[in-house]
Amino acid sequence: MPRIPHRLLPSVDRLLGDPRLKGLGVDSTILKELVREVLKEAREAISRGLTPPESDQLVESVLHRALAILSPTLRGVINATGVIVHTNLGRAPLSQEALLAMEEVCRGYSNLELDLASGERGSRQSHVETLLCRLTGAEGALVVNNNAAAVLLALAALCRGREVLVSRGEAVEIGGGFRIPEVLAQSGARLVDVGTTNRTYLRDYEQAIGPETAAILRVHASNFRIVGFVHRVTLEELAQLAHQRGLLLLDDLGSGCLLETTQFGLAYEPRPQDAIKAGADLVFFSGDKLLGGPQAGIIVGRRTPIEAMRRHPLARAVRIDKANLAALQVTLLHYLRGEALAKVPVWRMIATPLQEVETRARRWAQAIRYATEVRPSLSMVGGGSLPGEGVPTAVLAIPGRGGWVTALAQRLRQGLPPVVGRIEADALILDPRTVPPEQDDDLVQAVRKALKAEL
Ligand SMILES: *Cc1c(COP(=O)(O)O)cnc(C)c1O
């Protein structure tokens, strides 16, 4: 290899002295690192026989990196997909009141773990426990970081080293790496498969019970449906069997739906209060699915197993943070006040009358002034509830050829604010049901801009 004229490159200090890199608002140590990175890459390029970059190009390159570092990557988007609880878009939006509670608790200090009456140490759980018991009819409640943690904690605290019976139709993957057999293995409990994928009978559970059995775990089919030649045992039957044989009945419900879904023309979604009534010892659900609150894992059920979970070392590792706890408390209060349909955004979206959605879709169409159509469609509940079920909706469709529609969708995603729609065969679909009306103008502007960029 010939000797390389690395000396042609400016020094770190010379680049740092460039006026364009002054007042950038980047920490000086970080800026120096960026300059070093850029120079290192330039040296490598030269070693590969490329022409040494001009000083100007090097400065530009540092600037580019600095700007990339400085702009936040996590930002709000407009969800026009029509999927109400969209995991990739952050699941449930919070009510105004829940946001205010979060802010208040995070802005200053709070009585998170202080009993104000006695001045003694209190429990963060006290802020939601009685609310959860009132809402579900359970004796006790415990809240942790998320539902995956709730299930893991229960299995570790109550079933470690022993057997847990799970129907073969329920030893499933919920998504994002949450697979029932793996969670069981992590907890130290042993999975015993029961029945078959499509049909599991009570006698299958009965025959699988042995001296090592600790619990029966039921897992709600959150994101799939087994249809046709199917048999499942009811929770009541399972509760009776479990209690006759001294076992715990654990019910992983997933979505935490406290309201009756059938009033919106949806299929019945099992509710925590129904599971408690049916005799489940512990019921698990997420805070940010159909409950419509913050990320949280909620456990309701009998006091004794809940106490055992509370005392387990994992409980501290998976505890809920104060911001989510504050939002959860206020979200639960919406249900206790009977105002969930009006205040909790996911329920407000589910309950918005078709007429209202259609009017907004027509308004969007008019304001966008392009060849669009308003079509009937379905909004999805999503988030591990009611798979395959939809709420009748009206969407704005922007028809076009495949490549064009894909490019339009990408431009919309990359705009500010980003707008996320969904692509159906021949059109980009935008569903007003999942867009708060106060974002209508932003959405219209974004779509007009994205369409114009294309011309
Ligand atoms: C969503 C879901 C989980 C995981 O809940 P996270 O709150 O996301 O951790 C577990 N079990 C079931 C049945 C679910 O639907």
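All heavy atoms count here, side chains included; hydrogens, waters and symmetry mates do not. Start at 1 and go down the list; that is how both ligands and their atoms are numbered. Computed from a predicted structure; not experimentally measured.
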Residues 238-250, side-chain donor-acceptor partners within the protein, below 3.5 Å, at least two apart:
residue: His243; atom: ND1; partner: Ala239; partner atom: O; Å: 3.1
residue: His243; atom: NE2; partner: Asp281; partner atom: OD1; Å: 3.1
residue: His243; atom: NE2; partner: Asp281; partner atom: OD2; Å: 2.8

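- The Gly254 neighbourhood of ligand 1 comprises atoms 12 (C), 13 (C), 14 (C), 15 (O), with distances under 4.0 Å to a heavy atom of that residue.
- When the salt bridge (charged side-chain N to carboxylate O under 4.0 Å, His left out) test is applied to Glu206, no partner is found at least two apart in sequence or on another chain.
- Rounding to the nearest 0.5 Å places CZ of Phe284 at 7.0 Å from CG of Asp252.
- Polar contact check, His220 against ligand 1: no nitrogen or oxygen pair lies under 3.5 Å apart.
- Within ligand 1, the atoms closer than 4.0 Å to a non-hydrogen atom of Asp252 are 10 (C), 11 (N), 12 (C), 13 (C), numbered from 1 in the order shown.
- Residue Asp288 has no nitrogen or oxygen atom sitting less than 3.5 Å from a nitrogen or oxygen atom of ligand 1, judged on distance alone.
- Only side-chain heavy atoms of Phe178 come within less than 4.0 Å of ligand 1; its backbone N, CA, C and O stay farther off.
- Residue-level proximity to ligand 1 for Arg91 is carried by the side chain, the only part with a heavy atom below 4.0 angstrom.
- Using a 4.0 Å cut-off between heavy atoms, Gln295 makes no contact with ligand 1 at all.
- Using modelled atom types and a 3.5 Å distance limit, the side chains of Thr393 and Arg375 yield no donor-acceptor pair.
- Residue Ser255 has no nitrogen or oxygen atom sitting less than 3.5 Å from a nitrogen or oxygen atom of ligand 1, judged on distance alone.
- Atom CZ of Arg168 and atom CG of Asp193 lie 4.5 Å apart (nearest 0.5 Å).
- Note on ring orientation: taking the six-membered ring where Trp is involved, the planes of Trp347 and Phe264 are tilted (angle from 30° to 60°).
- Not a single N or O atom of Val219, backbone or side chain, sits closer than 3.5 Å to an N or O atom of ligand 1.
- Atom CZ of Arg134 sits in a sparse spot, with 12 or fewer heavy atoms from other residues, nucleotides or ligands closer than 6.0 Å.
- Every atom of ligand 1 is numbered from 1 in the order shown, and the set under 4.0 Å from a heavy atom of Ser286 is 5 (O), 6 (P), 7 (O).
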